[in-house]
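Please read the structure below before turning to the comments.
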Amino acid sequence: MFSSFFETARNSPFRTPLTMARCDAAAPVVDPQPVEGRQIAAAATPVAQQQQDSCEFGSSKYFALCGIGGILSCGTTHTFVVPLDLVKCRLQVDQAKYKNLVHGFKVTIAEEGARGLAKGWFPTLLGYSAQGLCKFGLYEVFKVKYADIIGEENAYLYRTSLYLAASASAEFFADIALSPFEAAKVKIQTIPGFANNFREAVPKMLKEEGVNAFYKGLVPLWMRQIPYTMMKFACFERTVELLYKYVVPKPRADCTKGEQLIVTFAAGYIAGVFCAVVSHPADVVVSKLNQAKGASAISVAKSLGFSGMWNGLTPRIIMIGTLTALQWFIYDGVKVALGIPRPPPPEMPASLKAKQH
């Protein structure tokens, strides 16, 4: 799949959803067909170039394919870093036994062997695939719909707020899909002898705590994931915009697909570092809450204290920075591979430019 990332056309025939498409008078004219209910149309481009996109921007197929990109980007990356996630969770819930990241790996391997580092991989794969579907797919939906509601000029002027609102809305639903799998994963990873795999954990959780076992961590999960996702999307979008404006020595349209994906990776890592710091205290509470039966988020936070809320921050920065960069890289790469329209960074609408003169 990755070989095809660099073989598609250099320029998307679609403009950003935040601005009106403008036709180049010198280019062959193709009558654009706007998406119903949207003030946006394909820029005039040669038919051969338009055919390289597999769907129309803002269409149902576009949103569905973005959801597939989200599944691949989140499910694969979170599963890949399960060993790091396992040690991070154990650092959060048992600082006395697992003193630091390296020591945590040593203790885990000594007690359970190398296979012990893979504990919880299956609920991680299922949970974060479901979350990725909702996170990325619904983000694209909400970003387009909210931009339609507030209008073209406001969508450009308040684009950071637009990114924040769209990502928060998407993550609200994504966490509902993730919560049962996250609860099972944490119990498998942090409670010795509870269960060796997802198949063993589910009936045991139902027997001991009922359905509540799968959703008691939903509110702290929202507290962790919604700020994280808001930072992840808004910081990424604005970082990409700034990189192309101040760092990349040529316009995005003149960059190869490979160069564009490198910018995507860099912006994703920068966003990931901020994400890790913003969401870490809530992440610690989620891990501790799913480990302890009958506890509440408030009681867990009080028992941990301020310093305890930052246990495991270093491995989480490494994990989330790498995860976020890879997720954006894979997501953008899937868009290239599947021929999904990839609008460039937003540009000021002509109506706003006219007002400034």
Side-chain angles (χ1 to χ4, degrees), residues 17-18 58 60 62-75 77-78 85 123-150 154-155 158-186 211-238 268 271-272 274-290 296-298 300-301 316 320 323-324 327-328 331:
L18 307 185
S60 297
Y62 170 80
F63 295 132
L65 291 177
C66 287
I68 292 173
I71 292 173
L72 294 173
S73 67
C74 289
T77 50
H78 277 277
D85 182 48
T124 297
L125 176 63
L126 292 182
Y128 283 94
S129 293
Q131 187 211 37
L133 171 66
C134 298
K135 185 199 294 276
F136 283 90
L138 291 179
Y139 172 71
E140 299 286 358
V141 172
F142 285 119
K143 185 169 69 169
V144 168
K145 300 306 179 185
Y146 291 167
D148 282 343
I149 291 170
I150 64 177
N154 287 330
Y158 305 107
R159 57 193 181 281
T160 301
S161 298
L162 175 66
Y163 304 145
L164 292 170
S167 57
S169 301
E171 189 60 40
F172 177 86
F173 295 100
D175 289 342
I176 295 173
L178 170 64
S179 183
F181 303 99
E182 180 76 358
K185 182 210 73 163
V186 171
V211 176
N212 182 57
F214 299 100
Y215 288 99
K216 70 177 184 179
L218 180 58
V219 172
L221 193 61
W222 277 330
M223 293 170 61
R224 179 189 84 184
Q225 288 297 130
I226 290 178
Y228 161 82
T229 301
M230 291 170 72
M231 181 68 72
K232 173 179 180 176
F233 281 84
C235 184
F236 171 80
E237 298 268 22
R238 293 311 300 264
F274 286 101
C275 289
V277 175
V278 166
S279 62
H280 189 74
D283 182 61
V284 177
V285 172
V286 169
S287 296
K288 196 71 176 177
L289 188 64
N290 283 315
S296 68
I298 295 174
V300 167
R316 190 156 191 268
I320 296 300
L323 269 179
T324 306
Q327 283 176 6
W328 279 114
Y331 181 65

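Residues V277 and Y228 have side chains not in contact (no heavy-atom distance under 4.5 Å, counting atoms from C-beta outward). Side chains of Y215 and P180 form a contact here, defined as non-hydrogen atoms less than 4.5 Å apart. For the pair S179 and D175, the minimum side-chain heavy-atom distance is 4.5 Å or more. Here the side chains of Q327 and C74 are in contact, with some heavy-atom distance below 4.5 Å. Here the side chains of E182 and Q131 are not in contact, with every heavy-atom distance at 4.5 Å or above. Proximity of K185 to D85: side-chain heavy atoms (C-beta onward) are separated by under 4.5 Å at one or more points.
Between I71 and S129, the shortest heavy-atom contact is CG1-O, 3.5 Å.
Listed by first and then second residue, the ring-ring contact (aromatic ring centres under 6.0 Å, His included) pairs that reach into residues 124-144 are H78-Y128, F136-F233, F136-W328, F136-Y331, Y139-F233, F142-Y146, sequence neighbours excluded.
Contacts of S161 classified as side chain to side chain donor-acceptor pair (under 3.5 Å), with partners at least two apart in sequence or in another chain: none. Remark: T229 engages K135, E171 in a side chain to side chain donor-acceptor pair (under 3.5 Å) (not counting sequence neighbours).
Within a 6.0 Å radius of CZ in F274, other residues, nucleotides and ligands contribute 12 heavy atoms or fewer.
Between E237 and K143 there is a salt bridge, since at least one side-chain N of the basic residue sits less than 4.0 Å from a carboxylate O of the acidic one.
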